[in-house]
Amino acid sequence: MKPIDEQIAILMRGVEFGDEQIKQVMERELRERLQEAQHEERPLRVYCGFDPTTSQLTLGHTVPMRKLRQFQELGHQAIFLIGSFTALIGDPSDRNSPRPQQTIEEVAKKSKGYANQTFKILDADKTEVRYNADWLAPLTFADLIRLASHFTVQQFLARESFAKRHAKGDPIWLHEFFYALMQAYDAVMLETDVQIGGTEQLFNLMAGRKLQEALGQRPQICLTLPILVGTDGYQRMGQSLGNYIGVDEPPEEMYGKVMSIPDHAMRNYFDLLSSFEPAQIADIEQRIATESLHPMDAKMMLARDIVTIYHDAEAAARAEAHFQRVFQKRELPREMPAHKLAAPQNIVDLLVEVGLAPSKSQARRLIVQGGVRLDGNKVESIEETVTPDRETILQVGKRRFVRLV
RNA sequence: GGGCAGGUACCCAAGUGGCCAAAGGGAGCGGUCUGUAAAAUCGCUGGCUCAGCCUUCGGAGGUUCGAAUCCUUCCCUGCCCA
């Protein structure tokens with residue numbers, strides 16, 4: 001195992017609390033715990049939990065996962081917790097309104113896809129995968145009350161997400177308070193040394209610390225990481241916001257989505273998602289500032305790097321070529337979905353049938369606005385008929401193509 | 001349980017009898033431009049057999065020539081009181 005100073009340097013990189021004091025305390029405790037573990041010749045138990053709210057992991061999830069991976073590489077025990085029970089309530093941390101509650105069946109379905117995607121980042125052989133329904137579901141009402149008695153209402157109301165709603169007169173549901181309790185109980189059941197999460201998770205992680213201590217365990221060290229912004233460049237990346245990049249998206253899609261982030265979000269992505277070292281990132285930023293590197297080229301480096309992580313170098317090169325063809329040169333993509341056109345068909349009906357428009361009204365609008373092309377020629381009329389006498393390329397907007405055969 | 005204020009399209013939010021398929025913003029989509037699917041800018045955004053018709057303003061019922069708007073009732077939220 002590496003020397004402790006070296007471990008600390010790696011593990012504390014990127015960790016951010018928004019409060020220097022907490023950071024110092026956590027770093028000190030982490031150092032002590034590492035020393036203790038080394039002495040006892042045991043690995044630290046490090047966990048990070050994810051609620052299956054959709055079946056797709058996003059690059060946002062990968063930020064704490066990469067930290068978990070670092071622990072793993074240093075020989076510690078990584079625990080990947082699937083919030084099969086917490087997902088039923090939904091984490092109120094990052095939003096100003098409650099999440100819709102899910103059914104057990106929905107959650108189970110979504111959990112399935114999770115593990116596989118996870119191992120694009122974590123080492124499958126060395127990861128302990130747990131489901132928190134295993135211990136949360138059997139809790140009795142009496143158990144719950146005992147857990148709840150360790151926290152005050154004021155502590156919860158002080159949280160920004162609740163305070164805001166309270167001030168605004170928006171509903172705060174009682175069950176939302178239980179989210180932090182449940183997560184805290186996870187830490188107790190897993191007997192964790194360290195928990196990792198996004199900065200918005202601090203309250204939940206601290207609740208775990210508090211509960212562990214109350215129940216006679218050593219309080220876990222909490223490490224929080226900056227939030228990844230979504231492709232819009234402002235809001236956090238989230239499935240429900242539609243601004244996300246999924247870890248299992250095809251290379252072209254992933255590359256394009258990275259390219260679509262605003263320039264000002266690039267730094268956030270370089271820091272949290274790329275394989276570039278801090279010094280390299282600083283250099284790139286410097287070169288952009290002095291105009292010796294074009295921001296677009298920097299973004300292409302970023303996109304290529306990210307696609308390489310989740311696919312491979314070859315796929316990344318392909319995605320880049322696709323991007324250059326379709327968006328920079330406005331040429332046709334190499335591959336596009338095919339649709340069998342059997343008989344002559346009206347253009348409006350066709351657009352709906354191939355899925356390029358959700359309704360005929362929408363299809364008409366697209367045509368009127370000049371967004372529909374057949375073999376590169378703008379479709380001028382909604383009356384136009386497409387005849388299947390040869391292969392034709394149907395295009396909507398800049399990026400949606402269907403090959404009519 | 002009582003009093004008051006609310007429930008409007010994907011989200012926020014205006015509208016309080018006809019000019020309402022419903023202002024404005026966000027988000028999304030399309031055009032132009034560009035260095036990108038960035039920014040900027042212009043436009044579109046319920047559906048259909050499309051100069052017309054049908055469905056939509058918490059649910060149901062009613063008044064009216066006509067209702068998101070008025071009445072009844074039910075459901076839901078917030079505040080105050082108990």
Side-chain angles (χ1 to χ4, degrees), chain A residues 94-101 157 162-176 229-246 249-270 287-288 291-307 319-333 346-349 351-353 355-373 376-383 394-401:
Chain A
D94 56 329
R95 42 178 53 218
N96 301 321
S97 56
R99 276 183 198 272
Q101 289 180 58
L157 285 181
F162 291 135
K164 262 193 201 153
R165 281 197 260 161
H166 190 236
K168 243 184 107 184
D170 287 342
I172 300 170
W173 299 89
L174 194 52
H175 72 265
E176 294 184 71
V229 296
T231 48
D232 59 300
Y234 293 98
Q235 289 180 282
R236 67 170 278 139
M237 185 177 284
Q239 307 98 316
S240 52
L241 294 171
N243 62 356
Y244 70 94
I245 305 176
E249 290 195 55
E252 288 80 12
E253 195 71 9
M254 190 179 268
Y255 189 97
K257 281 190 177 182
V258 174
M259 289 307 288
S260 81
I261 66 168
D263 288 356
H264 67 78
M266 262 201 277
R267 179 63 200 259
N268 188 247
Y269 277 54
F270 266 111
R287 281 162 58 205
I288 292 172
E291 293 182 14
S292 69
L293 175 66
H294 199 288
M296 187 190 69
D297 291 326
K299 207 185 284 178
M300 289 175 84
M301 285 164 66
L302 175 69
R304 195 165 174 157
D305 181 66
I306 291 173
V307 174
E320 187 164 286
H322 174 268
F323 183 82
Q324 287 167 331
R325 274 177 84 85
V326 179
F327 299 107
Q328 295 188 314
K329 296 186 195 144
R330 289 295 165 81
E331 291 170 4
L332 295 173
N346 171 265
I347 183 69
V348 171
D349 296 327
L351 282 167
V352 174
E353 193 175 315
L356 288 174
S359 69
K360 291 186 183 181
S361 296
Q362 179 64 22
R364 291 188 193 100
R365 268 179 232 124
L366 287 168
I367 294 165
V368 171
Q369 291 181 127
V372 179
R373 287 167 189 276
N377 303 314
K378 192 181 288 179
V379 173
E380 302 287 352
S381 161
I382 59 170
E383 304 295 340
L394 176 62
Q395 176 182 2
V396 171
K398 283 179 255 191
R399 45 184 291 241
R400 290 146 72 209
F401 302 86

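To find a chain, count down the sequence lines: A is the first, B the second, and so on, and within it residues start at 1.
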Which distance, rounded to the nearest 0.5 Å, do you find between the CD of A/E380 and the CD1 of A/I367? 10.5 Å
Using modelled atom types only, decide if a donor and an acceptor are shared between the side chain of A/Y269 and the backbone of A/V229 within a distance under 3.5 Å. yes
Output the rounded distance in Å from CD (A/E331) to P (B/rU36). 13 Å
Just to be sure I understand the rule, does A/Q395 reach a base, reach only the sugar-phosphate, or reach nothing, if contact means heavy atoms closer than 4.0 Å? nothing
Those residues at least two apart in sequence (or on a different chain) that pass side chain to side chain donor-acceptor pair (under 3.5 Å) with A/N268 are none
Under a 4.0 Å heavy-atom cutoff, the residues of residues 255-264 of chain A touching RNA chain B are A/G256, A/M259, A/S260, A/P262, A/D263
Return the pairing partner of B/rU34 with a 3.5 Å limit on both distances, Watson-Crick or G-U wobble; otherwise return none. none
Quick one: on RNA chain B, does A/M254 or A/D349 contact a more 5' nucleotide (nearest heavy atom)? A/M254
N/O contacts under 3.5 Å, protein versus nucleotides 30-33 of chain B?
residue: B/rG30; atom: OP1; partner: A/R400; partner atom: NH1; Å: 3.4
residue: B/rG30; atom: O2'; partner: A/Q369; partner atom: O; Å: 3.3

Value rounded to 0.5 Å, distance of CD1 in A/I172 from NE2 in A/H166: 6.0 Å
What I'd like to find out is whether the side chain of A/V258 reaches to under 4.5 Å of the side chain of A/V307, using heavy atoms alone. no
Scanning all shown strands, the Watson-Crick or wobble mate of B/rA39 with both distances under 3.5 Å is none
Which nucleotide, in any strand shown, forms a Watson-Crick or G-U wobble pair with B/rU45, with both distances under 3.5 Å? B/rA27
Donor-acceptor pair, side chain of A/R400 and main chain of A/L356, under 3.5 angstrom: yes
Nearest-0.5 Å distance, CD1 of residue A/I288 to NE2 of residue A/H294: 10.0 Å
Aromatic rings A/F323 and A/Y255: how do their planes relate, parallel, tilted or perpendicular, breaks at 30° and 60°? tilted
Let me know, please, whether A/Q362 or A/H166 comes out on the 5' side of the other along RNA chain B by nearest nucleotide. A/Q362
Work out which heavy atom in A/F327 is nearest to a heavy atom in A/R330; give both atom names and the distance. O-NE, 3.6 Å
Can I get a per-line list of side-chain donor-acceptor pairs under 3.5 Å for residues 296-303 of chain A, giving both atom names and the distance, sequence neighbours left out?
residue: A/K299; atom: NZ; partner: A/M259; partner atom: O; Å: 3.4
residue: A/K299; atom: NZ; partner: A/I261; partner atom: O; Å: 2.5
residue: A/K299; atom: NZ; partner: A/D263; partner atom: OD1; Å: 2.9

If we call it a pair only when both distances are under 3.5 Å in a Watson-Crick or G-U wobble match, what pairs with B/rA51? none
Rounding to an integer number of Å, can you tell me how far A/N243 CG sits from B/rA27 P? 11 Å
Can you pull out the residues from residues 295-302 of chain A that lie within a 4.0 Å heavy-atom distance of RNA chain B? A/P295, A/M296, A/K299
Show the distances under 3.5 angstrom between N or O atoms of the protein and N or O atoms of nucleotides 10-14 of chain B.
none

When both hydrogen-bonding distances must be under 3.5 Å and the geometry is Watson-Crick or G-U wobble, what is B/rA5 paired with, if anything? B/rU77
Nearest heavy-atom contact between A/M254 and A/G246 is CE-O, 3.3 Å
Give the minimum heavy-atom separation between A/I382 and A/V348, together with the two atoms involved. O-CG2, 3.7 Å
Would you mind classifying the nucleic acid contact of A/S359 as base, sugar-phosphate or nothing, using non-hydrogen atoms under 4.0 angstrom? sugar-phosphate
When both distances are under 3.5 Å in a Watson-Crick or G-U wobble arrangement, the nucleotide paired with B/rU72 is B/rA60
What interatomic distance, in whole Å, is found between P of B/rC42 and the corresponding atom of B/rC70? 38 Å
To the nearest 0.5 Å, how far apart are CZ in A/F270 and CG in A/D305? 7.5 Å
As a test of reading the structure: which of B/rG35, B/rG47, B/rA37 is closest to the side chain of A/H294, going by heavy atoms? B/rG35
Over 12 non-hydrogen atoms of neighbours within 6.0 angstrom of NE2 in A/H264: yes
Tell which nucleotide pairs with B/rA67, taking only Watson-Crick or G-U wobble pairs whose two distances are both under 3.5 angstrom. none
In Watson-Crick or G-U wobble terms, with both distances under 3.5 Å, the base opposite B/rC19 is none
